[in-house]
**Student:** 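Got a structure here, written out as C-alpha cells. Questions coming.
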Amino acid sequence: MQDLNVVRREMRIPAPPAAVFALMTDPENILRWMGTEAQIEPQPGGIYLVNVTGARFARGTFREVVPVHRLAYSFGWDGSEVVPPESSLVEIDLIEQPDGTLLRLTHSGLPNAEQCAGHAEGWAHYLDRLAEVAAGRKPGPDPWAGRV
C-alpha cells in the first residue's frame with residue numbers, strides 16, 4: 001500500500017546535475033530561487049536552515065550527500081508542533097539526462113494529508129523557480145514572500 005502522506009515530484013531541468021546540485025547546496029545559489037537567508041552545510045550531520053519566505057525557517061540536518069547526484073536531509077519548521085524541525089525527510093535524486101537533469105524529490109514523514117498537500121504546493125512552487133534559474137532565467141520576486 002502506498003503511503004498517502006508522501007510528496008513526490010519529478011521534473012526535467014535543462015541544466016547538468018552539477019549545476020542543479022550547486023543551486024541546492026550553496027547558500028548564495030539557494031537564495032536565487034528560494035528564501036531570504038540560508039545556512040547550508042552539505043555534509044552528513046551538517047545543518048539545513050533556510051528562511052523560506054522571510055517569515056518561516058525550515059530546519060533540518062543532512063543525512064546523505066552524494067555530490068551532484070543525491071541529497072537527503074531531515075526537515076521541519078521552527079516553532080511548528082505539527083511539522084517540527086527534523087520530523088520529516090526530504091530526498092532528492094539528480095539523474096543525468098541527454099537534455100539536462102531529471103530531478104526526483106520525495107518528502108516523507110509528513111503527519112497528515114493536509115500537510116502533504118501544503119508541502120506539495122510548496123515544492124511545486126519552489127522547484128519551478130529552481131528550474132527557471134537553472135535554465136538561465138530570473139524567476140523574479142517570490143510572490144510567497146512573507147507567507148507563513
**Student:** Just wondering, are more than 12 heavy atoms of other shown residues or ligands nearer than 6.0 Å to CD in Glu114?
**Tutor:**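 For Glu114, atom CD is not crowded (no more than 12 foreign heavy atoms under 6.0 Å).
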
**Student:** If you define the side chain from C-beta out and look only at heavy atoms, does anything of Pro139 sit under 4.5 Å from Val133?
**Tutor:**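 Side-chain contact under 4.5 Å: yes.
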
**Student:** Does any part of the side chain of Asp142, heavy atoms only, come nearer than 4.5 Å to the side chain of His125, both counted from C-beta?
**Tutor:**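 Side chain of His125 against side chain of Asp142, heavy atoms only: contact under 4.5 Å found.
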
**Student:** Are more than 12 heavy atoms, taken from residues, nucleotides or ligands other than Glu64, located less than 6.0 Å from that residue's CD atom?
**Tutor:**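 Yes, enclosed.
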
**Student:** Between Asp128 and Arg9, does any NZ, NE, NH1 or NH2 come within less than 4.0 Å of an OD or OE carboxylate oxygen?
**Tutor:**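 Yes, this pair counts.
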
**Student:** Take Arg147 and Arg56, measure what side-chain contact (heavy atoms from CB on, under 4.5 Å) needs, and give me the verdict at the end.
**Tutor:** CA-CA 8 Å; Arg147 186 175 181 179; Arg56 197 161 188 216; over 6 Å; no

**Student:** Search all heavy atoms of Gly100 against all heavy atoms of Pro17 and return the closest pair with its distance.
**Tutor:**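 Closest approach of Gly100 to Pro17: O-CD, 4.2 Å.
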
**Student:** Could you check Val20, Leu71, Ile13 and say which one makes a side chain to side chain contact (heavy atoms under 4.5 Å, CB included) with Leu94?
**Tutor:**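 With Leu94 as partner, Val20, Leu71, Ile13 yield a single side chain to side chain contact (heavy atoms under 4.5 Å, CB included), made by Val20.
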
**Student:** Do you know which two heavy atoms are closest between Ser88 and Ser108, and how far apart they sit?
**Tutor:**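 Minimum heavy-atom contact is CB-O, 3.1 Å.
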
**Student:** Between Asp78 and Pro85, what is the shortest heavy-atom contact and its length?
**Tutor:**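 Smallest interatomic distance, heavy atoms only, reads OD1-CG, 3.4 Å.
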
**Student:** At what distance, to the nearest 0.5 angstrom, does CG of Asp26 lie from CD1 of Ile40?
**Tutor:**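 One gets 9.0 Å once the value is rounded to the nearest 0.5 Å.
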
**Student:** Okay, side chain of Ser74, backbone of Thr61: is any donor-acceptor separation there less than 3.5 Å?
**Tutor:**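 Side chain of Ser74 to backbone of Thr61, a donor-acceptor pair under 3.5 Å: yes, one is there.
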
**Student:** So, for Glu10 and Arg104, which heavy atoms are closest and what is the spacing to 0.1 Å?
**Tutor:**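 Shortest heavy-atom separation between Glu10 and Arg104 comes out as OE1-NE, 2.7 Å.
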
**Student:** So which of Val50, Val52, Asn51 actually passes side chain to side chain contact (heavy atoms under 4.5 Å, CB included) with Glu37?
**Tutor:**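 Result for side chain to side chain contact (heavy atoms under 4.5 Å, CB included) with Glu37: Asn51.
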
**Student:** Please work out which of the three classes, parallel, tilted or perpendicular, describes the rings of Trp123 and Phe75, given edges at 30° and 60°.
**Tutor:**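 It falls in the tilted class, 30° to 60°.
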
**Student:** Evaluate Leu130 against Met11 for side-chain contact (heavy atoms from CB on, under 4.5 Å), listing each step before the verdict.
**Tutor:** CA-CA 11 Å; Leu130 167 69; Met11 66 186 309; 5.9 Å; no

**Student:** Calculate, to the nearest 0.5 Å, the distance between atoms CG and CD belonging to Leu110 and Gln115 respectively.
**Tutor:**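 One gets 7.0 Å once the value is rounded to the nearest 0.5 Å.
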
**Student:** To the nearest 0.5 Å, what is the distance between OH on Tyr48 and CD1 on Ile30?
**Tutor:**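 So the OH of Tyr48 and the CD1 of Ile30 are separated by 6.0 Å.
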
**Student:** If Ile, Leu, Val, Met, Phe, Trp and Tyr residues are connected whenever their side-chain heavy atoms lie under 4.5 Å apart, and connections chain through other members, are Val65 and Leu23 in the same group?
**Tutor:**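 Per the 4.5 Å side-chain linkage, Val65 and Leu23 are co-clustered.
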
**Student:** Find the distance between OG1 (Thr101) and CZ (Arg12) and round it off to the nearest 0.5 Å.
**Tutor:**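 Going from OG1 on Thr101 over to CZ on Arg12, the span is 10.0 Å.
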
**Student:** Which pair of non-hydrogen atoms, one from Arg129 and one from Gly140, has the smallest distance, and what is that distance?
**Tutor:**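 Scanning both residues, the minimum pair turns out to be NH2-O, 2.9 Å.
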
**Student:** Output the distance between atom CD1 (Ile92) and atom CG (Leu103), rounded to the nearest 0.5 Å.
**Tutor:**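 Going from CD1 on Ile92 over to CG on Leu103, the span is 6.0 Å.
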
**Student:** Is there a donor-acceptor contact under 3.5 Å from the side chain of Thr106 to the main chain of Glu91?
**Tutor:**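 Between the backbone of Glu91 and the side chain of Thr106 there is no qualifying donor-acceptor contact (under 3.5 Å).
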
**Student:** Answer yes if Leu89 and Leu127 sit in the same cluster of Ile, Leu, Val, Met, Phe, Trp and Tyr residues linked by side chain heavy atoms under 4.5 Å apart, and no otherwise.
**Tutor:**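 No; Leu127 is not reachable from Leu89 via cluster members.
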
**Student:** Can you measure from CE (Met24) to CE (Met34) and round to the nearest 0.5 angstrom?
**Tutor:**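 Those atoms lie 7.5 Å apart.
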
**Student:** Given the rule that I, L, V, M, F, W and Y join up when any side-chain heavy atoms are under 4.5 Å apart, are Leu102 and Val66 in one cluster?
**Tutor:**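 The answer is no; the residues belong to distinct hydrophobic clusters.
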
**Student:** So which atom in Ala135 and which in Pro14 form the shortest heavy-atom distance, rounded to 0.1 Å?
**Tutor:**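 Scanning both residues, the minimum pair turns out to be CB-CG, 3.7 Å.
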
